[in-house]
Asks: 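I'd like to ask you about the structure that follows.
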Amino acid sequence: MNITITTTDNSQLEHINFDSIPLGRTFTDHMFICDYEDGQWKNPRIEPLAHIPTHPAAMALHYGQAIFEGMKSTLSQKKEPLLFRPMENAKRLNESARRMGMPDFPEELFVDGLKALVGVEKGWIPPGAGSALYLRPFMYADEPFIGMRAATSFKFVIIASPAGPFFSKPIKLWAEKEYIRAASGGTGEAKAAGNYAAAIRPTELAKAKGYDQVLWLDAKEHKYIQEVGTMNIFFKIKGTFITPELDGSVLHGITRKSVIDLLRHKNFTVTERKITLQEILEAAQNGSLEEAFGTGTAVGIAYIKEIGWGDNTIPVSQEHPVGKDINATLNDIKTGGEDPFNWMLVTGNKLV
Ligand SMILES: *Cc1c(COP(=O)(O)O)cnc(C)c1O
């Protein structure tokens with residue numbers, strides 16, 4: 001499908017100070033947008049960023065048919081824009097769409113839309129080390145209808161937001177024994193808007209107790225570790241890495257998948273299996289818990305320094321030698337360094 005490009009003559013780029021970008025509040029000049037009507041995706045286009053008129057009965061507002069993706073474009077040493085494994089996001093968007101009764105979005109068009117948008121917004125990719133242009137593809141039901149069924153009209157949109165270097169300071173996690181994020185058969189695997197709405201209140205309560213994020217446990221026994229906020233989780237015990245298996249309630253993180261590949265590439269053993277909070281507590285007590293970190297697009301790797309619940313505290317070493325090495329390798333790959341897995345897509349040509 002041909003992407004029509006209409007550019008603005010009122011660019012805001014010159015007003016941006018890349019040394020202090022308010023996170024998540026600054027948006028580029030344009031957006032990619034595509035409409036789903038009569039059973040097909042139509043009119044893919046890049047337009048100046050603007051409000052999208054919405055009928056008050058738009059089904060996404062009432063029944064929550066809304067999903068999203070998150071990814072970043074970085075600059076190579078030669079200043080070419082790069083995308084990290086965009087086809088993985090295209091596939092995951094469609095897995096989310098199927099779970100939520102929404103139409104697939106063509107995977108090629110997803111990647112072409114990203115390439116076209118990044119091409120138009122090249123100047124918005126912050127040049128500093130650790131900076132990136134955050135890309136937010138999303139899909140929502142815009143059919144005006146009151147009644148419970150799948151909508152018949154949708155919008156797919158990509159917006160972009162420059163993000164300065166993210167200094168991930170070690171975080172404290174609250175292991176949540178009352179509220180849950182995902183249950184077997186639920187929507188935990190989908191990047192569905194409602195999952196995040198349900199996490200807001202427990203996260204606020206954890207923050208009020210002095211923690212940074214919630215560590216989610218299984219819905220039935222509150223015993224098995226799932227993941228953190230918008231990150232998957234890894235532990236290093238006696239030299240081996242473990243991460244919760246993808247059991248239907250854990251988001252299929254692309255950083256998770258990539259970190260598993262990188263750890264194995266560096267000759268570590270990585271096991272995907274069920275992990276109890278108790279096991280981590282015991283490993284900390286007998287001195288075999290060596291590292292713990294979260295993985296996700298927003299921060300890359302976030303080092304965990306403590307996990308708490310009730311009156312319990314699991315301290316984690318402040319040193320994360322392997323986590324730091326993996327983070328450095330990921331950042332190097334994302335900025336045009338050696339790319340042993342062929343993950344990076346070079347882009348920047350707006351004529352797709
Ligand atoms: C997006 C997300 C992740 C991380 O996925 P990445 O593809 O690595 O960014 C992990 N958990 C949840 C709940 C998420 O929404």
Side-chain angles (χ1 to χ4, degrees), residues 23-24 64 66-74 83-97 99-100 110-111 114 132-139 158 161 163 166 168 171 173-176 179-183 186-200 202-203 206 212-219 224-234 243-263 270 272 275 292-302 304 323 326-327 329-331 333-334 341 343-345:
L23 194 66
I67 56 174
F68 66 97
E69 274 301 324
M71 51 205 301
K72 282 177 172 175
S73 177
T74 36
L83 288 166
F84 181 73
R85 312 188 77 176
M87 204 57 181
E88 296 290 328
N89 295 90
K91 288 184 198 146
R92 187 171 66 186
L93 178 91
N94 283 337
E95 280 155 18
S96 299
R99 178 62 185 83
M100 304 309 288
F110 180 98
V111 176
L114 283 167
L133 184 63
Y134 184 81
L135 298 159
R136 168 54 62 86
F138 60 104
M139 189 199 295
I158 310 172
S161 174
F166 197 94
S168 47
I171 53 172
L173 302 182
W174 173 256
E176 180 55 62
Y179 298 102
I180 60 147
R181 190 190 94 87
T187 59
E189 266 185 4
K191 244 175 146 68
N195 288 343
Y196 304 87
I200 288 172
T203 306
D212 299 294
Q213 298 260 344
V214 171
L215 175 65
W216 297 108
L217 304 174
D218 76 283
Y224 298 101
I225 292 172
Q226 292 181 332
E227 59 182 309
V228 184
T230 56
M231 291 187 291
N232 297 106
I233 191 164
F234 287 74
T243 187
E245 64 192 2
L246 300 176
D247 64 353
S249 306
V250 172
L251 204 285
H252 293 207
I254 296 162
T255 318
R256 174 190 182 279
K257 185 171 170 174
S258 308
V259 165
I260 292 175
D261 287 345
L262 286 175
L263 285 169
V270 186
E272 299 173 66
I275 304 164
F293 53 77
T295 64
T297 295
V299 294
I301 301 222
I304 296 164
I326 292 289
N327 206 16
T329 306
L330 261 179
N331 284 333
I333 292 173
K334 289 182 182 177
F341 297 96
W343 282 337
M344 303 312 292
L345 179 73

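Ligands are counted one by one from 1 in listed order, and the atoms in each one are counted from 1 as well.
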Asks: Using a 4.0 angstrom limit on heavy atoms, which residues are close to ligand 1?
Replies: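 The answer is Arg92, Arg181, Lys191, Tyr196, Glu227, Gly229, Thr230, Met231, Asn232, Leu251, Gly253, Ile254, Thr255, Gly296, Thr297, counting any residue whose heavy atom sits under 4.0 Å from ligand 1.
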Asks: If you apply the rule side chain to side chain contact (heavy atoms under 4.5 Å, CB included), what do you find for Phe234 with Ile260, and how did you get there?
Replies: CA-CA 9 Å; Phe234 287 74; Ile260 292 175; 3.7 Å; yes
Asks: Given Leu83 and Asn89, is the side chain to side chain contact (heavy atoms under 4.5 Å, CB included) satisfied, shown in steps?
Replies: CA-CA 11 Å; Leu83 288 166; Asn89 295 90; over 6 Å; no
Asks: Testing Glu189, Glu88, Arg92 one by one against His252 for a side chain to side chain donor-acceptor pair (under 3.5 Å), which residue passes?
Replies: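 So, applying the side chain to side chain donor-acceptor pair (under 3.5 Å) to His252 and each of Glu189, Glu88, Arg92, only Glu189 qualifies.
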Asks: State which residues pass side chain to side chain contact (heavy atoms under 4.5 Å, CB included) with Thr203; sequence neighbours excluded, sorted by chain then number.
Replies: Ala199, Lys207, Val214
Asks: Do Gln226 and Tyr224 touch side chain to side chain, with heavy atoms closer than 4.5 Å?
Replies: no
Asks: Taking 4.0 angstrom as the limit, do Arg181 and Glu176 come out as a salt bridge?
Replies: no
